[in-house]
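Written below as structure tokens is the structure these notes are about.
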Amino acid sequence: MMRRLARPYAMVGWVAAVVGAVGGVALRIVDPVPVIPDALGFGDVALVGFGFLGITFASVGALLVVRRPENAVGWCLVLIGASNALAILAGAVTSSVVAHGPASAPTAGVAAWLTNLFTMLGALVLGLGFIFPTGRGQTPAWDRFVRIGVVMLLLALAVLVLFRPGPLQVFATIQNPFGFGPDVRSILGPDISTLIVASPVLLLPLLALSIVSRYRMSDRIGRQQLKWFMLALFLTVTGFTAAGVGALIGDEPPPAGLVVFGFAGAFVPVAIGIAILRHNLYDIDRLISRSIAYAIVSAILALVFGGVIVLVSTALASFTQGPTIAVAASTLTAFAVFQPVLRRVRGAVDRRFNRARYDAERTITDFSDRLRHEIDLAELSRDLDATIRDAISPRSVTIWLRESGP
């Protein structure tokens, strides 16, 4: 059943994402009316970021749905991508309709309600950490927690967002056209909208616990997959947290959080695709080690540069050209220490974060030293075979020796 639905679902989701992203951006270009203030600080730059995010999620998700239809991660990616893209289209429509006056209020209410719906569905990206990379919880207990959590989330979404009377969660200036029943703001307080925006932050401890638990239970491949996901999720959570905190500390939250969430968050589906399809899976260790190494080197060079400027400026305070000489001396010093510092930091970081590559290099270096003194061909062949297996772990090794001439 899932295999029959995979291609239509993937195609419809991808088309919806493209239509939502392109349509939302095009509408803002054609009709650049003022953006309605919202709980997230959504602006035109964030709109472009969310469009890019939506298409990326839907594209990778569609590929996974077709290639791995039994894995729920791909299906979720398509839903998240299409929802984020359609959210910007619905938001752009809301702003345009409101700008035309009170006569368009019913249409604006429906468009704003759809923006609410798609925004909440798009925020399901944080739930991917509970099912990645297998599409389910790592244990029966975690699997039950995920299933119960999905049901509770849908109920909370319906009660607190979609059918709550009063102002909409995203657009506080627009009344919910489908609201009915008691107004929960009398119980939970008038600031429920901003609390809902920041509520995913409360999931972070459980998310971290789930990822750590799965990491400890995983084999080598599973751990490499999780490394890709954790690096991408860190970037996304940073942007989303900035948006949530901004919603709590001001009436007009800054758009920086959503901009980061939109563009950096696009790395999540790319990392997921690499991890599940296992394409260049083991490059993550090199990526992490290089990122950490260059961050450390940058910090060291900044300290050296600043320290030399202070020392030389102090020593040459009586000279009119003192600041210029200090900058020149600092630049030359930083340039001189760059390569030695980079080599040392790389070695130290590789030993900790890219151990496989470090061990492989040591193995090859040791073999090169032994090669200079080995004259027995049979022993050399066995040593070469062992070195290759230790360094790159191939499925098979064949050594061909050319016969010597007559």
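Scope of the values below: all heavy atoms of this structure, side chains included, with no hydrogens, waters or symmetry mates. Small disclaimer: the values here were computed from a predicted structure and weren't measured.
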**OP:** Return each pair, listed once, that meets salt bridge (charged side-chain N to carboxylate O under 4.0 Å, His left out) where at least one residue sits in residues 61-88; pairs must be two or more places apart or across chains.
**Re:** none
Subject >> Residue pair L162 / M120, side-chain heavy-atom distance below 4.5 Å >> reply: no
**OP:** Look only at the side chain of Q225 and the backbone of A275, and say whether a donor-acceptor pair between them is shorter than 3.5 Å.
**Re:** yes
Original post:
If you measure from CG on L53 to CD1 on I88, what distance do you get to the nearest 0.5 Å?
Top reply: 9.5 Å
**OP:** Can you measure from SG (C76) to CZ (F57) and round to the nearest 0.5 angstrom?
**Re:** 10.5 Å
**OP:** Check side chain to side chain donor-acceptor pair (under 3.5 Å) between S213 and all other residues, then give those that pass, not counting sequence neighbours.
**Re:** Q138
Original post:
Less than 4.5 Å apart, any side-chain heavy atom of Q224 and any of K227?
Top reply: yes
Original post:
Would you say the side chain of F178 lies within less than 4.5 Å of the side chain of V110, judging by non-hydrogen atoms?
Top reply: yes
**OP:** Tell me whether the centres of the aromatic rings in F229 and F132 are closer together than 6.0 Å.
**Re:** yes
Subject >> Sub-4.5 Å side-chain heavy-atom contact between L114 and L86 >> reply: no
Subject >> L226 vs S218 side-chain heavy atoms within contact, under 4.5 Å >> reply: yes
**OP:** Would you check if T134 and N71 make a side-chain contact, meaning some heavy-atom pair closer than 4.5 Å?
**Re:** no
Subject >> Spacing of CG belonging to L79 relative to CZ belonging to F118, to within rounding of 0.5 Å >> reply: 10.0 Å
Original post:
Rounded to the nearest 0.5 Å, what separation is found between the OG1 atom of T115 and the CD1 atom of I174?
Top reply: 8.0 Å
**OP:** Could you tell me which non-hydrogen atom of G81 sits nearest to which non-hydrogen atom of A17, and how far apart they are?
**Re:** O-CB, 4.1 Å
**OP:** Enter the distance from L128:CG to I211:CD1 here, rounded to the nearest 0.5 Å.
**Re:** 10.0 Å
Subject >> Sequence-distant partners of W14, side chain to side chain donor-acceptor pair (under 3.5 Å), two or more places apart >> reply: S59
Original post:
Are there more than 12 heavy atoms of other residues, nucleotides or ligands under 6.0 Å from atom CZ of R7?
Top reply: no
**OP:** Taking all heavy atoms of L206 and all of W142, pick out the closest pair and write down the distance.
**Re:** O-CH2, 3.9 Å
**OP:** Work out which heavy atom in A111 is nearest to a heavy atom in V93; give both atom names and the distance.
**Re:** CB-CG1, 4.0 Å
Original post:
Counting N and O atoms only, with roles assigned by atom type, does the side chain of R136 sit under 3.5 Å from a partner on the main chain of I131, one being a donor and the other an acceptor?
Top reply: no
Original post:
Under the side chain to side chain donor-acceptor pair (under 3.5 Å) test, which residues partner R147, sequence neighbours left out?
Top reply: D143
**OP:** Can you sort out the partners of S210 under side chain to side chain donor-acceptor pair (under 3.5 Å), two or more places apart, ordered by chain and number?
**Re:** none
Original post:
Can you name the nearest heavy-atom pair linking L121 to I80, along with the distance?
Top reply: O-CG1, 4.1 Å
Subject >> Spacing of L63 atom CG and I272 atom CD1 [to the nearest 0.5 Å] >> reply: 12.5 Å
**OP:** Quick one: list whatever passes salt bridge (Lys or Arg N to Asp or Glu O under 4.0 Å) with R28, sequence neighbours left out.
**Re:** D44
**OP:** Specify the closest pair of heavy atoms between A21 and I55, including all atoms of both residues, with the distance to one decimal.
**Re:** CB-CD1, 3.7 Å
Original post:
What are the two closest heavy atoms between S96 and D31, and how far apart are they?
Top reply: OG-OD2, 3.0 Å
Original post:
With distance as the sole test, does W75 use its side chain to make a donor-acceptor pair with the main-chain N or O of P69 at under 3.5 Å?
Top reply: yes
